[in-house]
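Worksheet for the structure shown next.
Side-chain atoms are counted along with the backbone in the values below, which use heavy atoms only and exclude waters and symmetry mates.
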Amino acid sequence: MSENGSATANIGVIGLAVMGSNLARNLASREGNTVAVYNRSRERTDLLVSEHPEAGFVPSTTIEEFAASLSKPRTAIIMVQAGAGTDAVIDQLTKAFEPGDIIVDGGNALFTDTIRREKAVRETGINFVGAGISGGEEGALKGPSIMPGGSVEAYKTLGPILESIAAVVDGVPCVTHIGTDGAGHFVKMIHNGIEYADMQLIAEAYDLLRNVAGHEPAAIADVFEVWNSGDLESYLIEITAEVLRQTDAKTGKPLVDVILDEAGSKGTGVWTVQNALDLGVPVGGIAEAVFARAVSSHPEQRTAVQATITSRPEVQDAGDSFEDDVRAALYASKVVAYAQGFDAIIAGAAKYDWKIDKGAVATIWRGGCIIRAQFLNRIVEAYANDASIPSLLVDPYFANAVKEGEAAWRRVVSTAALSGIPIPGFGAALSYYDSLASKRLPAALVQGQRDFFGAHTYKRVDEPGVFHTLWSGDRTEIATEGSSH
Ligand code: 6PG
């Protein structure tokens, strides 16, 4: 029972740091929710309860008391640091809960951990749901985008509760049952990878406007503000203008100029790339964003290379169309990054036997999450037109958008290269597009090289079968299997 002796709460939150506290406050603010709260240190629980008496929280000191304060099917959302801490709380809850109850992990857990946890907890008859929650601290309080996995059964109880707190776009809550076991955390991982790519592309656009066009941060903020009223509208574009407009109180300089240019990462984007590699899915936009953060975080290597350089290229004349060219290049590169992200979702669903509705994922990413943007509506439409398209780049709207921006995209990439401005995101995206667009790729030569040094064989364009050339012998070609030789 709770401290007042009755099971009155329909939902509980464990872990009351900022994200957990904000989620609990969001839950409590919604009609029909009574929220049980528990934190390992009771002080934090008392602080939340005292700061928000209007929330009507049901506090507990022990996990057992917390469980007893929940009406059945008991439903608790764990909001603790991903990793061992999550496992410890799951163990405690599994002992205190009963079959039919629901344990939700709302942290940024690695989806393979969630698959393992869901299987283990399910054996006790208790439901385990890994739910990606995106939108940061503000999103948790005002309305996140929520990506729950787990069983359909659990979602029957959990869904309405999550829908009561999620962001809403065009009357549609930004939450859907993504798929079974780890599907929710997998899709959240892809969200974070796309987030990294989106942020990197915006940063490259800023770098070009700063160092080729010669604009000051405040002027670039104006440019981003204009872009935010068009098809590049997004939360990330919006906050970029805010960051660029910020003046450092201490020096009076633009804040962006006093921030050390070494990017950190909690690692979710790294997981995206690692898993895309395992899935055989090219996610160059996301990978280059991850590597760009790594390059920036090796100052000693950067300094050493700089010491060997006596001159850098002269910055090219930007030209009158440069600003709009950068906008077009940013949009085209963004299309590529999202296309790659959704390719990874398709491949993950196939490997882990999830039935993921890509349109539904794009729909719940329209609001609440870090990549929220009008752009997601275009992806919803693309998959509504044809959910089986082999790439978002094949969708007529996106194919046309890239074609319209292609010349500008190429001008920007070449100007950047000639000016010595690093554009790993723009460049990788353009090369990915050109790789898909090329009728013949130099992979033919790679096959020849592999066959030369490793007898790894190759196929021919003009007949079925697998072949090997006797490179160290008379260099005749032999059929190795299934050919008509
Ligand atoms: C979100 C964010 C969030 C992200 C942190 C850390 O969806 O709210 O993606 O989950 O993990 O902001 O991001 P970094 O990986 O860049 O440190």
With no hydrogens and no angle check, just 3.5 Å: does a side-chain donor-acceptor pair link [X] and [Y]?
X: Asp198; Y: Tyr338; result: yes
X: Asn228; Y: Glu225; result: no
X: Gln200; Y: Glu204; result: yes
X: Tyr196; Y: Thr272; result: no

Give, for atom [atom1] of [X] and atom [atom2] of [Y], the distance between the pair rounded to the nearest 0.5 Å.
X: Met79; Y: Met19; atom1: CE; atom2: CE; value: 4.0 Å
X: Glu233; Y: Gln374; atom1: CD; atom2: CD; value: 5.0 Å
X: Leu244; Y: Phe224; atom1: CG; atom2: CZ; value: 6.5 Å
X: Asn275; Y: Asp278; atom1: CG; atom2: CG; value: 5.5 Å
X: Leu93; Y: Asp105; atom1: CG; atom2: CG; value: 11.0 Å
X: Thr86; Y: Asp113; atom1: OG1; atom2: CG; value: 8.5 Å

Answer whether the closest heavy-atom distance between the side chains of [X] and [Y] falls below 4.5 Å.
X: Asn108; Y: Met189; result: no
X: Leu393; Y: Val402; result: yes
X: Asn211; Y: Val315; result: no
X: Cys174; Y: Val169; result: yes
X: Ile115; Y: Lys119; result: no
X: Pro148; Y: Val175; result: yes
X: Val187; Y: Trp365; result: yes
X: Leu376; Y: Arg372; result: no

Taking only Lys NZ, Arg NE, NH1 and NH2, and the carboxylate oxygens of Asp or Glu, determine whether [X] and [Y] approach each other closer than 4.0 Å.
X: Arg327; Y: Glu323; value: no
X: Asp87; Y: Arg116; value: yes
X: Arg366; Y: Asp170; value: yes

Partner set under side chain to side chain donor-acceptor pair (under 3.5 Å) for Tyr458, not counting sequence neighbours
Thr469, Glu477
Side chain to side chain donor-acceptor pair (under 3.5 Å) partners for Glu118, two or more places apart
Arg122
Partner of Trp409 by ring pair (Phe, Tyr, Trp, His ring centres under 6.0 Å), out of Tyr433, Phe426, Tyr331
Tyr433
Return yes if some donor-acceptor pair links the side-chain N/O of [X] with the main-chain N/O of [Y] below 3.5 Å, else return no.
X: Ser414; Y: Arg411; answer: yes
X: Ser438; Y: Leu441; answer: no
X: Ser333; Y: Ala429; answer: no
X: Asp181; Y: Gly150; answer: no
X: His185; Y: Gly107; answer: yes
X: Arg302; Y: Ser296; answer: yes
X: Ser134; Y: Ile370; answer: yes
X: Arg293; Y: Val290; answer: no
X: Ser234; Y: Ile237; answer: yes
X: Ser297; Y: Ala263; answer: yes

Please evaluate residues Asp231 and Arg378 with respect to the criterion side-chain contact (heavy atoms from CB on, under 4.5 Å), reporting the C-alpha separation (whole Å), side-chain torsions for both, the decisive distance (0.1 Å), and the verdict.
CA-CA 10 Å; Asp231 55 15; Arg378 302 290 81 74; over 6 Å; no
Counting only heavy atoms not in [X], do more than 12 fall under 6.0 Å of its [atom1]?
X: Glu381; atom1: CD; answer: yes
X: Asn400; atom1: CG; answer: yes
X: Gln81; atom1: CD; answer: no
X: Phe291; atom1: CZ; answer: no

Write down the atom of [X], the atom of [Y], and the distance for their closest heavy-atom approach.
X: Asn26; Y: Gly143; value: ND2-N, 3.6 Å
X: Thr124; Y: Pro99; value: O-CG, 3.6 Å
X: Ala428; Y: Glu288; value: CB-CG, 3.6 Å
X: Leu201; Y: Ala337; value: CD1-CB, 4.4 Å
X: Ala183; Y: Ile178; value: O-CG2, 3.6 Å
X: Thr180; Y: Trp354; value: O-NE1, 3.1 Å

Checking side-chain hydrogen bond (donor to acceptor under 3.5 Å, both in side chains) for the pair Gln340/Asp343: CA distance, chi angles, key distance, verdict?
CA-CA 5 Å; Gln340 293 175 340; Asp343 285 351; over 6 Å; no
Derivation and outcome, side-chain contact (heavy atoms from CB on, under 4.5 Å), residues Phe375 and Val335:
CA-CA 9 Å; Phe375 181 80; Val335 172; 3.9 Å; yes
What verdict does the salt bridge (Lys or Arg N to Asp or Glu O under 4.0 Å) test give for Asp257 and Arg210, after you've listed the backbone C-alpha separation in whole Å, the side-chain angles of each residue and the deciding distance to 0.1 Å?
CA-CA 11 Å; Asp257 286 350; Arg210 185 78 188 269; 2.8 Å; yes
Between Arg440 and Val461, does a side-chain contact (heavy atoms from CB on, under 4.5 Å) hold up when you go through it step by step?
CA-CA 11 Å; Arg440 284 283 288 166; Val461 296; 3.8 Å; yes
Hey, mind stepping through Phe128 and Ile103 against side-chain contact (heavy atoms from CB on, under 4.5 Å) and telling me if it holds?
CA-CA 5 Å; Phe128 185 82; Ile103 299 173; 3.9 Å; yes
Using the six-membered ring of Phe342, assess whether NZ or CZ of Lys358 lies under 6.0 Å from its centre and within 45 degrees of the ring axis.
no
Aromatic ring pairing Phe186/Tyr352, orientation class (parallel under 30°, perpendicular over 60°, tilted between)
tilted
May I have the list of side-chain donor-acceptor pairs in residues 156-168 shorter than 3.5 Å, sequence neighbours left out?
from, atom 1, to, atom 2, distance (Å)
Lys156, NZ, Glu153, OE1, 3.2
Ser164, OG, Asn33, ND2, 3.3
Ser164, OG, Ile161, O, 2.5

For a side-chain contact (heavy atoms from CB on, under 4.5 Å) with Leu141, tell me which candidate from Asn22, Leu23, Val18 qualifies.
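It is Asn22, the one option of Asn22, Leu23, Val18 that forms the side-chain contact (heavy atoms from CB on, under 4.5 Å) with Leu141.
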